[in-house]
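Accompanying notes for the structure given below.
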There are 4 protein chains.
Amino acid sequence: MQELIKYGKKIVTAGLVHSHFGNISKRVGDHMLISTTGSMLDELEGQIVSVPIDPATPDELDVIASTEVNVHRAIYKHTSALAILHGHSRYAVALSMLYEPGELIVPEDSESLYILHEIPVVSGGVGSEELAINAAKALKDHKAVIARGHGTFARGATVDEAFVILSSVEHACMVKYLIDARENKSNRD
Amino acid sequence: MQELIKYGKKIVTAGLVHSHFGNISKRVGDHMLISTTGSMLDELEGQIVSVPIDPATPDELDVIASTEVNVHRAIYKHTSALAILHGHSRYAVALSMLYEPGELIVPEDSESLYILHEIPVVSGGVGSEELAINAAKALKDHKAVIARGHGTFARGATVDEAFVILSSVEHACMVKYLIDARENKSNRD
Amino acid sequence: MQELIKYGKKIVTAGLVHSHFGNISKRVGDHMLISTTGSMLDELEGQIVSVPIDPATPDELDVIASTEVNVHRAIYKHTSALAILHGHSRYAVALSMLYEPGELIVPEDSESLYILHEIPVVSGGVGSEELAINAAKALKDHKAVIARGHGTFARGATVDEAFVILSSVEHACMVKYLIDARENKSNRD
Amino acid sequence: MQELIKYGKKIVTAGLVHSHFGNISKRVGDHMLISTTGSMLDELEGQIVSVPIDPATPDELDVIASTEVNVHRAIYKHTSALAILHGHSRYAVALSMLYEPGELIVPEDSESLYILHEIPVVSGGVGSEELAINAAKALKDHKAVIARGHGTFARGATVDEAFVILSSVEHACMVKYLIDARENKSNRD
């Protein structure tokens with residue numbers, strides 16, 4: 001729990017997302033610790049709940065968990081992720097709107113290209129079944145996915161790794177945006 | 001009062017506005033707590049005064065209250081707002097100059113679209129009667145308004161909600177600016 | 001001295017300038033307190049010296065004072081300034097290169113226009129006599145000046161006022177840059 | 001060691017690089033203190049190791065040292081550097097992609113031009129022999145080099161000087177990017 005509190009603060013102080021614009025979870029066996037709805041990532045003390053990954057019936061704590069809790073569930077069920085970070089990073093959101101759902105953003109900088117290979121852009125409303133399916137599917141073979149016009153989902157074997165991935169996606173998208181703007185080229189050249 | 005001090009600091013450390021470029025208030029019955037003129041949002045200790053929402057005659061503390069005190073009054077009188085945040089966020093100010101007064105900015109990102117629906121741009125000088133009327137009128141049906149070339153007024157049922165709205169407006173404006181710049185389109189396409 | 005230390009930190013944490021990229025002074029009678037050469041604005045403890053405004057011969061402490069000490073002297077001698085902040089803010093530096101020396105940047109946002117009216121761009125090398133003369137002359141009638149391709153000099157009756165002015169110049173230049181980039185117009189349209 | 005910890009934090013809080021996106025070292029005789037692989041620049045406590053500059057056989061600590069350790073070695077062997085900072089600063093990375101390896105970025109702002117004169121762009125994969133050779137060669141006559149699409153290597157006689165250089169490169173690249181974008185000119189006009 002201290003780990004989620006710590007990384008929540010780091011995400012905000014790094015300028016990756018505004019306080020309210022994201023959520024974070026960590027898998028612990030068949031449950032996950034997840035930030036509550038309406039909580040601030042930089043003030044998660046007392047704002048983390050434990051819910052089952054695969055409840056038979058809707059869990060009673062679901063009403064206070066993040067509205068994206070079912071997207072986190074789908075990712076844990078269908079991938080090897082042990083931690084998930086979601087944040088509405090600016091360049092990731094802006095760049096994703098210049099792509100169609102299903103397309104891939106290929107980083108220009110060498111680290112992001114090495115770490116991420118490519119970043120799928122997927123469709124689906126906030127907390128929706130469509131987003132849960134698309135994000136989980138894309139994260140089987142990728143470390144991050146951008147919900148188009150919404151934000152990044154980054155997965156890791158640890159919270160630290162998910163933080164690296166979230167940072168890398170925003171870095172990749174900002175660098176690519178800046179390069180493409182100067183080259184006056186469309187995204188799919 | 002501690003709440004205003006806390007959120008004043010958060011606004012500045014989030015990079016949403018420079019220390020002196022905004023003001024903040026909270027309704028308490030028929031009065032409001034409001035930051036003083038010339039105060040820094042990140043150092044509001046001892047810089048908050050209580051003035052009536054609807055004084056029969058100009059209140060004696062009006063001279064040390066924010067120069068925008070009458071805009072806050074108009075908003076409290078004509079809307080259900082219980083907290084107001086005003087800040088000169090960069091992308092909100094820049095984008096507003098590309099719109100005419102009375103026009104609406106429609107966010108491109110899904111959260112801002114969901115939370116804000118649309119953001120009216122209004123005219124009126126700093127602390128003026130014109131701004132007070134226009135801002136209050138626009139905030140009846142919207143959670144935020146941008147005074148053209150000046151800054152955002154965000155309202156909430158709590159200071160926390162007003163902070164979410166202020167963040168969301170700047171997020172929406174930055175994302176929209178970045179997208180439109182790449183699509184080389186005018187704002188009203 | 002505590003005031004200079006405090007505002008030095010605020011300038012850096014606000015992201016207005018990098019640690020080493022600026023200097024700060026305050027007039028005290030016929031002397032000024034000024035940051036030392038090579039010091040970091042966010043760590044000025046023990047890095048402030050007192051030198052005369054108008055020494056008959058070069059002061060022995062001049063060798064450790066900021067390399068801009070003579071620019072500060074000229075401003076104190078020829079204007080009513082009681083505090084001076086100098087910083088290499090990014091948008092101010094970039095925008096100044098799109099203007100010729102002697103031209104004026106007119107802010108687009110209402111606060112900057114109200115506070116600054118206009119911002120002269122002047123020529124002159126770092127710490128040079130030419131810069132000292134040009135900056136002092138421009139600051140007689142203006143609150144801030146941008147040394148072309150170098151950085152902002154902001155004056156105030158207090159350190160706090162100089163901080164407002166420094167913030168306002170960067171705000172004005174960023175907003176103007178963003179607007180002009182979208183309108184595809186040259187600076188002097 | 002305290003010095004590396006301190007400047008690691010400063011680099012991240014200044015927004016120059018994300019926590020994981022860089023490394024730092026300091027020469028001490030025939031050894032260097034260097035951050036470990038996977039460490040965060042803003043949390044280097046316990047994350048610094050000492051390895052020889054010129055080991056006869058691969059050092060046992062090489063496996064936990066930064067993956068760029070051989071680039072640092074080459075720079076220490078072939079230049080007078082006593083400290084090295086490497087970071088994936090955004091504008092430096094983006095601008096470098098608009099240049100070919102071997103080309104020089106000439107700063108537009110006066111300080112960067114004075115401090116850096118010019119910034120070579122070189123090729124070579126992360127931690128590769130090619131990068132080690134190219135970076136060391138370029139740093140004989142320059143204070144900084146940008147590995148194309150990867151990041152800046154800054155050298156200094158002290159960690160503080162290397163920090164000035166790293167800041168200056170990002171400042172120079174951001175200012176140049178902003179100016180060139182407005183002038184619609186290619187980088188080599």
Side-chain angles (χ1 to χ4, degrees), chain A residues 2-3 6-17 42 85 87 89-92 94-95 106-117 143-144 152 154 156-185 189, chain D residues 9 11-23 37-43 47 67-68 86-99 101 122-128 130-131 146-152 173-174 176-188:
Chain A
Q2 289 309 311
E3 199 183 6
K6 170 182 167 179
Y7 279 91
K9 282 190 215 297
K10 286 185 87 80
I11 294 164
V12 175
T13 57
L16 282 166
V17 295
D42 51 345
L85 275 175
S89 304
R90 282 150 272 208
Y91 281 89
L95 194 60
V106 181
E108 301 272 348
D109 66 294
S110 51
E111 264 65 27
S112 302
L113 187 61
Y114 177 76
I115 296 175
L116 304 170
H117 187 44
K143 292 190 174 165
T152 304
T158 61
V159 181
D160 186 71
E161 189 193 355
F163 175 60
V164 173
I165 302 299
L166 188 76
S167 307
S168 187
V169 170
E170 184 64 358
H171 182 72
C173 290
M174 181 170 174
V175 166
K176 190 173 184 72
Y177 182 94
L178 292 174
I179 294 169
D180 287 357
R182 284 293 299 286
E183 293 180 338
N184 286 316
K185 67 175 179 184
D189 283 354
Chain D
K9 282 189 213 300
I11 294 165
V12 174
T13 57
L16 282 166
V17 296
H18 286 306
S19 296
H20 285 90
F21 292 9
N23 42 69
T37 183
S39 61
M40 290 192 278
L41 282 168
D42 51 345
E43 298 186 25
Q47 299 291 336
T67 51
E68 305 276 22
H86 168 56
H88 311 164
S89 303
R90 282 149 272 209
Y91 281 89
V93 172
L95 195 60
S96 74
M97 292 297 288
L98 301 171
Y99 287 75
V122 301
S123 62
V126 178
S128 69
E130 181 192 358
L131 178 55
I146 306 177
R148 191 168 182 268
H150 170 189
T152 304
C173 290
M174 181 171 175
K176 191 174 184 71
Y177 182 93
L178 292 174
I179 293 170
D180 288 356
R182 284 293 300 285
E183 292 180 338
N184 286 315
K185 68 176 180 183
S186 83
N187 296 298
R188 276 149 272 156

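It should be emphasised that the depicted structure is a prediction, and the values quoted were computed from it without experimental measurement. Below, chain A is the first sequence line, B the second, and so on; all start at residue 1.
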With a distance cut-off below 6.0 Å to the six-membered ring centre and an angular limit of 45° from the axis, does Arg182(A) pair with Tyr177(D) as a cation-pi contact?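 Yes, Arg182(A) lies over the aromatic ring of Tyr177(D).
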Is Arg90(D) reaching over with its side chain to a backbone N or O of Met174(A), donor-acceptor style, under 3.5 angstrom?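 No, the answer is negative, given that no donor and acceptor are paired below the 3.5 Å cut-off.
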Among Ala147(D), Ala94(D), Gly38(D), which residue has the highest count of heavy-atom pairs closer than 4.5 Å to chain A?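 Option with the top pair count is Ala94(D).
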Proximity of His150(D) and His88(D) rings by center, below 6.0 Å: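 Yes; His88(D) has its ring centre under 6.0 Å from that of His150(D).
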Side chain, backbone, both or neither of [X] within contact of chain D (heavy atoms, under 4.5 Å):
X	result
Phe163(A)	side chain
Ser112(A)	neither
Leu113(A)	neither

I'd like to know if the side chain of Glu130(D) pairs up with that of Ser123(D) as donor and acceptor (distance under 3.5 Å, no hydrogens or angles considered).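 Side chains of Glu130(D) and Ser123(D): pair found under 3.5 Å.
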pair Lys143(A)-Glu161(A): side-chain heavy atoms closer than 4.5 Å: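 Touching, per the 4.5 Å side-chain cut-off.
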Please classify the contact between Ser19(D) and chain A as side chain, backbone, both or neither, with a heavy-atom cut-off of under 4.5 Å.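 For Ser19(D), side-chain heavy atoms alone lie under 4.5 Å from chain A.
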